[in-house]
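Have a look at the structure below before the remarks.
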Amino acid sequence: MMSLEDAVRNRRSVRGYLPHEVPQDRIEAILTLAQAAPSNCNIQPWLSHVVSGPALRDLGARLVGAAQDGVRPNPDSKADRTFTGIWRERQIDAAVQLYGAMGIDRHDRPRRDWAYRRNLEFFGAPHAVFIFTPTEFGEREAVDLGIYAQTLMLALTAHNLASCAQGALGLYPDIIRDHLGIAPDNKLIFGISFGYEDPATAANRARVGRAPLAASVTFHR
Ligand SMILES: Cc1cc2nc3c(=O)[nH]c(=O)nc-3n(C[C@H](O)[C@H](O)[C@H](O)COP(=O)(O)O)c2cc1C
């Protein structure tokens with residue numbers, strides 16, 4: 001098994017996958033590892049739905065169809081803030097790296113739209129996990145869900161699998177609830193596509209950096 005440092009450094013968002021599926025026992029081992037994530041009062045507020053095979057293919061078709069038909073996104077958690085200053089600079093840099101790797105000009109709206117729509121097809125991944133939580137939960141439980149999601153992605157990396165966290169998979173929660181038979185009192189936070197990386201996908205050559213320590217951390221004594 002990979003060291004923690006290697007798992008942290010090797011994990012990155014992968015946006016192109018080979019079609020073959022991960023064996024079910026491996027998926028279960030990874031999700032069992034992710035269950036070890038800490039949470040406030042150990043409430044473990046994550047309700048994960050793993051979707052594969054025809055269910056995933058048909059769901060992708062419904063999501064893409066909704067986007068093509070101009071259905072208004074209706075995410076359970078609104079994230080309509082626009083970034084400014086350093087936050088905006090980092091957002092732009094990530095987009096520049098991604099579209100640069102894909103050879104898409106920033107003014108090429110049709111290709112940018114196509115690249116974004118690939119989110120809704122799970123970037124060709126054979127599996128996606130949708131992370132839900134009861135509607136009554138708020139910010140405090142959202143922290144638990146973030147910790148859980150990173151634990152899950154590191155577990156995937158340690159098993160030599162690729163993943164991509166996708167807020168975009170939270171745009172049409174009503175379709176996803178309907179498709180998977182999930183009750184309306186479960187809200188969707190986001191989804192994570194996962195599987196085997198396709199090394200031939202141009203988007204997978206994108207690398208984003210990180211701010212230096214001093215930009216994020218202050219020491220006091
Ligand atoms: C909560 C969350 C939501 C994200 N949503 C998307 C998304 O919808 N589509 C996408 O392509 N990447 C998405 N990302 C990936 C980020 O763009 C990526 O993590 C960031 O640029 C850092 O790159 P890295 O993951 O390769 O280290 C998301 C990441 C997180 C943590």
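Count residues from 1 along the sequence. Just so you know, ligand 1 is whichever comes first in the structure, and atom 1 is the first atom listed for that ligand.
Remark: the Gln91 side chain and the Asp93 side chain contain no N/O donor-acceptor pair separated by less than 3.5 Å. For the residue pair Trp46 and Gln35, a side-chain donor N or O sits within less than 3.5 Å of a side-chain acceptor on the partner.
In this structure, the ring of Phe194 has its center less than 6.0 angstrom from the ring center of His127.
Taken together through direct or relayed side-chain contacts under 4.5 Å among Ile, Leu, Val, Met, Phe, Trp and Tyr, Val50 and Phe123 form parts of separate hydrophobic clusters.
Rounded to the nearest 0.5 angstrom, Ser48 OG and Phe132 CZ are separated by 10.0 Å. Here the CG-CD1 distance, from Leu169 to Ile189, works out to 13.0 Å after rounding to the nearest 0.5 Å.
For ligand 1, the 4.0 Å heavy-atom shell contains residues Arg11, Arg12, Ser13, Arg15, Asn119, Phe123, Cys164, Ala165, Gln166, Gly167, Ala168, Val208, Arg210.
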